[in-house]
Amino acid sequence: MTITQSEGTAAVANSVLPARIPTVPGTEWWRSAVIYQVYPRSFADASGDGIGDLQGITSRLPHLAQLGIDAVWLSPFFTSPQRDGGYDVADYCDVDPLFGTLDDFAAFEDAAHELGLRVIVDLVPNHSSSDHVWFQEALAAAEGSPGRARYLFRDGKGPEGNIPPNNWDSVFGGPAWTRTTNPDGSAGQWYLHLFDSSQPDFDWQNPWVREQFRAVLRFWLDRGVDGFRVDVAHGMIKAEGLPDYTAPADSGSMGGGQVDPLGLEPEVQVTEAAPTPPYWAQDGVHEIYRDWRELLDEYSGDRVLVAEAWVDPMAKLAQWVRPDEMHQAFNFAYLGTTWTGPRMRRVIDESLEVFSSVGAPSTWVLSNHDVVRHASRLALTAENPQGHGIGPASPGQPLPELGLRRARAASALMLALPGSAYLYQGEELGLPEVINLPDESRLDPTWFRTNGERYGRDGCRVPLPWEANATAFGFSPTGESWLPQPADWAPFARDSQIGVAGSTLELYRLALALRAEYQLGFGSIGWLPGYGEEVVALQNGPVTVIANTGTVPVELPVGELLLCSEELVGGILSPDATVWLLAAH
Ligand code: NOJ
């Protein structure tokens with residue numbers, strides 16, 4: 001074979017890439033966009049209090065532009081007591097002082113747009129914080145009054161009313177109901193919270209709730225945001241009568257069925273549906289999204305709605321992205337697929353088919369702030385359901401080298417696929433899950449609600465390392481960091497990797513540059529014959545992509561090498577590696 005870049009070296013992309021907005025002039029930018037998730041607490045801290053903030057994010061934006069992404073999605077930065085990392089909102093139209101001010105947000109947004117980056121913010125409509133004035137007023141209102149009807153208050157069962165209204169569990173562990181106390185000190189009604197007790201669920205059958213959220217959407221749209229990632233987009237409507245439900249033993253923690261995360265079952269069908277719980281994926285959610293879509297369409301500039309919907313099977317998820325509903329939905333089936341050839345091909349085929357059947361792009365995602373980072377997850381040897389996290393006592397500890405190798409290969413495969421891809425901050429540095437966090441530093445409500453039985457998600461939320469030799473690796477100017485960073489993170493720091501051939505950061509930069517150059521996001525794929533079961537070999541436009549998920553080295557076709565996730569020796573692709581070529585046909 002001919003390898004025109006220096007053989008055996010993962011190449012370095014050229015300097016800073018020009019701003020690219022929109023991806024193709026006049027088109028719907030989101031169809032092919034690479035969207036980078038910023039978790040504000042952990043991205044960059046300008047104030048020095050050890051918690052990331054908006055000014056910190058703004059100061060690092062040029063680095064994101066240099067990475068070659070199209071948009072930034074910010075996890076919540078709104079007023080919040082931070083009982084669930086800001087997914088417990090106490091004021092939807094203001095910035096929490098921890099993160100800055102509305103002016104800081106405006107400055108961030110202007111800087112992002114200036115650099116050609118779109119801005120997506122998080123919308124958390126299933127529940128508010130219990131500190132929200134809407135909930136405080138509901139608590140103060142009389143039972144059965146309109147004030148109470150904003151949330152799901154119910155009488156308890158039994159003569160004393162001391163049995164919860166139904167048997168639902170919270171996603172974070174423990175019951176999904178908490179009993180209130182009346183002003184006279186007597187025990188009162190119960191309220192539903194699918195997540196923490198500090199996150200009461202709204203009653204979305206109530207027109208008042210719908211009206212409030214239309215105003216929230218307009219507030220941010222008027223401030224120029226390019227779209228919303230909609231939290232728990234599968235949960236807002238509950239089945240009539242709130243019937244009891246017992247989940248099957250293997251269902252995932254964010255709802256719906258979990259695609260076998262480790263490939264322990266040889267023949268898991270991605271299309272197999274778990275039973276639909278009465279609190280997830282109810283048909284009534286769709287009229288809400290149709291309403292929001294109409295509202296967004298009043299605004300110019302291609303604003304988007306992205307569903308965080310854990311819905312199984314994928315064909316059902318596609319209903320969230322019908323032409324008059326949301327624009328995209330996260331592809332969690334892809335995230336949950338093991339690094340095995342047949343499964344990867346199957347989930348890719350199914351994703352492309354199912355989403356295109358409703359005219360939507362498929363999305364691809366490997367990591368986010370709720371799951372074990374894929375540089376660790378892909379080398380776990382025991383099951384770890386979504387949201388459970390890993391800690392020192394977890395079974396199946398990952399092998400770091402294998403995990404990173406697989407993560408690089410998996411990311412290189414993902415970024416070659418048509419549609420839109422989501423990156424989670426730090427994956428471009430190859431960051432692993434942090435397993436040995438001191439217990440006293442953990443903040444995830446999952447940890448507390450399960451009495452430490454589930455470690456939860458803190459391990460994927462450790463603040464980013466920017467500079468190898470700076471205090472807190474450049475995360476904060478004071479050395480403060482709300483979760484401790486591992487002492488051995490210097491090699492992961494951005495400045496250890498930028499411009500370094502073969503680094504994970506350069507692999508991502510090159511993949512993103514080539515993805516844009518060859519318009520892979522707008523492409524279509526065909527499988528290439530002649531490879532073993534464990535080899536994912538595809539053609540997207542002129543680019544041949546070969547990912548080796550197996551244990552046997554693979555001989556590559558003759559062609560010009562564009563990218564390789566591992567060094568090639570003698571034109572051979574080793575296990576757990578991916579290559580992009582311009583093959584000579
Ligand atoms: C999904 C979010 O991604 C997660 O972080 C949060 O805890 C739950 N929704 C509840 O809002």
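In what follows, every heavy atom counts, from backbone to side chain, and hydrogens, waters and symmetry copies are set aside. Numbering of ligands and ligand atoms starts at 1, following listing order.
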Per-residue contact class, Phe172 against ligand 1 - non-hydrogen pairs under 4.0 Å: side chain
NZ/NE/NH1/NH2 to OD/OE distance under 4.0 Å, [X] and [Y]:
| X | Y | answer |
| --- | --- | --- |
| Asp291 | Arg293 | no |
| Asp370 | Arg461 | yes |
| Glu308 | Arg229 | yes |
| Arg290 | Glu287 | no |
| Lys238 | Asp201 | yes |

Please could you name the atoms of ligand 1 that [X] approaches to less than 4.0 Å, counting only its heavy atoms?
| X | value |
| --- | --- |
| Arg461 | 5 (O) |
| Val232 | 9 (N) |
| Glu308 | 1 (C), 3 (O) |
| Arg457 | 4 (C), 5 (O), 6 (C), 7 (O) |
| His127 | 10 (C), 11 (O) |

His374 ring center within less than 6.0 Å of Tyr424 ring center: no
From the candidates Asp88, Asp370, Val124, Val371, the one that places a heavy atom nearest atom 4 (C) of ligand 1: Asp370
Min heavy-atom dist Arg229 to ligand 1 below 4.0 Å: yes
